[in-house]
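Down below is the structure, laid out as structure tokens.
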Amino acid sequence: MSKFSKVMGGLLALAVATGAAAETKIGVFSLERIVQAVSNQKDDKKVKEEFARRQAELQRMESQAKDMQADLEKNEATMSEADKTKKQKALRDLSTQFQRKLREFREDVSAKQAEDESRTGELLRKAIKQLASTEKYDLIVQGDELPYYGPQVDVTDKLLKMLGGK
């Protein structure tokens with residue numbers, strides 16, 4: 001049992017124990033479903049186009065490097081030493097440029113994903129607080145690691161609606 005599960009179990013036990021004195025309203029949500037729905041609904045065409053354009057450029061550079069390598073191997077025996085050195089340098093330069101652009105591309109994609117996850121997390125926290133306030137929930141917890149929770153306490157669909165999903 002993970003630390004999270006133990007903490008969640010303790011919180012639920014505390015909520016149930018305090019519920020004996022007063023009516024306790026508990027909500028549970030599936031973070032996995034919310035993240036999946038939010039990532040499926042994203043339609044940031046500008047970002048997708050930017051990454052697609054950069055990916056196409058990387059593919060072009062990779063193809064160009066393979067062609068240069070094949071040409072060098074094919075014609076190596078008939079080339080002058082100066083031409084051979086010149087083509088090897090051009091291939092090295094292209095390879096270095098490709099590796100740099102690939103690294104930058106991967107870093108930018110990771111940064112964009114982290115930014116999106118952070119924004120989604122903040123929106124989710126606000127939606128949870130709003131739901132708890134408007135519908136008078138005493139406790140709303142993430143249920144992905146809970147062994148079981150019934151549909152009567154599942155607030156995932158309500159949160160998705162608030163986030164503009166499904």
Side-chain angles (χ1 to χ4, degrees), residues 1-66 93-166:
M1 183 181 268
S2 71
K3 276 186 173 181
F4 179 78
S5 295
K6 288 179 184 177
V7 169
M8 295 309 298
L11 285 173
L12 288 174
L14 177 63
V16 170
T18 59
E23 182 66 27
T24 301
K25 190 170 180 182
I26 299 172
V28 181
F29 67 94
S30 170
L31 182 61
E32 184 178 314
R33 277 185 49 211
I34 290 174
V35 168
Q36 184 179 20
V38 170
S39 66
N40 286 342
Q41 79 182 18
K42 285 188 181 165
D43 192 27
D44 194 354
K45 290 180 182 178
K46 185 178 178 183
V47 171
K48 286 180 181 179
E49 287 173 4
E50 176 192 343
F51 285 125
R53 188 174 53 249
R54 288 174 65 188
Q55 190 169 21
E57 180 185 357
L58 285 168
Q59 289 170 340
R60 182 195 55 77
M61 289 176 76
E62 184 177 33
S63 178
Q64 184 181 2
K66 286 179 181 178
D93 290 347
L94 180 61
S95 179
T96 300
Q97 184 181 15
F98 172 78
Q99 292 300 324
R100 180 182 51 80
K101 285 186 180 234
L102 180 61
R103 183 181 63 252
E104 289 171 356
F105 176 78
R106 288 179 176 161
E107 288 171 358
D108 290 348
V109 167
S110 291
K112 179 64 179 157
Q113 288 172 336
E115 181 183 312
D116 287 347
E117 288 171 6
S118 176
R119 185 175 26 256
T120 299
E122 184 58 35
L123 291 172
L124 179 58
R125 279 188 288 285
K126 287 179 182 178
I128 290 169
K129 285 180 181 181
Q130 182 181 351
L131 180 64
S133 174
T134 58
E135 295 195 20
K136 308 289 188 242
Y137 279 92
D138 297 304
L139 178 67
I140 298 177
V141 295
Q142 179 184 339
D144 294 319
E145 290 193 26
L146 297 176
Y148 172 78
Y149 59 92
Q152 68 277 13
V153 297
D154 190 347
V155 296
T156 305
D157 291 334
K158 290 178 182 182
L159 290 170
L160 283 171
K161 195 177 278 187
M162 292 172 77
L163 292 169
K166 294 183 180 178

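Just so it is clear, the structure is predicted and the values come from calculations on it, not from any experiment. In this chain, numbering begins with 1 at the start of the sequence shown.
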Please list every donor-acceptor pair under 3.5 Å in which a side-chain atom of residues 58-66 meets a protein atom from a residue at least two apart or in another chain.
from	atom 1	to	atom 2	distance (Å)
Arg60	NH1	Gln64	OE1	3.2

**Complete:** Correct closest heavy-atom pair for Gly27 and Val155 would be CA-CG1, 4.0 Å
**Message:** Heavy-atom count check: over 12 atoms from other residues, nucleotides or ligands less than 6.0 Å from Lys126 NZ?
**Reply:** no
**Complete:** Taken in chain and number order and not counting sequence neighbours, the residues that satisfy side-chain hydrogen bond (donor to acceptor under 3.5 Å, both in side chains) with Glu57 are Lys101
**Message:** I'd like to know if Arg103 and Asp108 make a salt bridge, using a cut-off of under 4.0 Å between side-chain N and carboxylate O.
**Reply:** no
**Request:** Please report the C-alpha distance between Thr96 and Leu94 in whole Å, then the side-chain angles of each, then the deciding distance to 0.1 Å, and finally whether the side chain to side chain contact (heavy atoms under 4.5 Å, CB included) criterion is met.
**Result:** CA-CA 5 Å; Thr96 300; Leu94 180 61; over 6 Å; no
**Request:** Could you list the residues that satisfy salt bridge (charged side-chain N to carboxylate O under 4.0 Å, His left out) with Arg106, not counting sequence neighbours?
**Result:** none
**Request:** Name all residues meeting the side-chain contact (heavy atoms from CB on, under 4.5 Å) criterion together with Ala52; count only those two or more places apart in sequence or in a different chain, and write none if there are none.
**Result:** none
**Non-hydrogen atoms of Asp144 and Ser30 that approach each other most closely** = OD1-OG, 2.9 Å
**Message:** So, taking the atom named CG in Leu124 and the one named CG in Leu31, what distance separates them when rounded to the nearest 0.5 Å?
**Reply:** 6.5 Å
**Item:** Separation between CG of Leu131 and CG of Leu159, rounded to the nearest 0.5 Å
**Value:** 5.5 Å
**Message:** With heavy-atom distances below 4.5 Å as the criterion, would you say the side chains of Ile140 and Ile26 are in contact?
**Reply:** no
**Message:** With salt bridge (Lys or Arg N to Asp or Glu O under 4.0 Å) as the rule and sequence neighbours excluded, what pairs involving residues 127-141 come up?
**Reply:** Glu135-Lys158
**Prompt:** Run the side chain to side chain contact (heavy atoms under 4.5 Å, CB included) check on Arg119 and Asp116 step by step: do they pass?
**Reply:** CA-CA 5 Å; Arg119 185 175 26 256; Asp116 287 347; 2.8 Å; yes
**Request:** Please report the C-alpha distance between Phe29 and Leu160 in whole Å, then the side-chain angles of each, then the deciding distance to 0.1 Å, and finally whether the side chain to side chain contact (heavy atoms under 4.5 Å, CB included) criterion is met.
**Result:** CA-CA 10 Å; Phe29 67 94; Leu160 283 171; over 6 Å; no
**Item:** Minimum heavy-atom distance Ala127-Leu163, with the two atoms named
**Value:** CB-CD2, 4.2 Å
**Request:** Sort and list the pairs that fulfil ring pair (Phe, Tyr, Trp, His ring centres under 6.0 Å) and have at least one residue in residues 98-142, not counting sequence neighbours.
**Result:** Phe51-Phe105
**Fill in**
Closest non-hydrogen contact found for Val28 with Gln142 is CG1-C, 4.3 Å
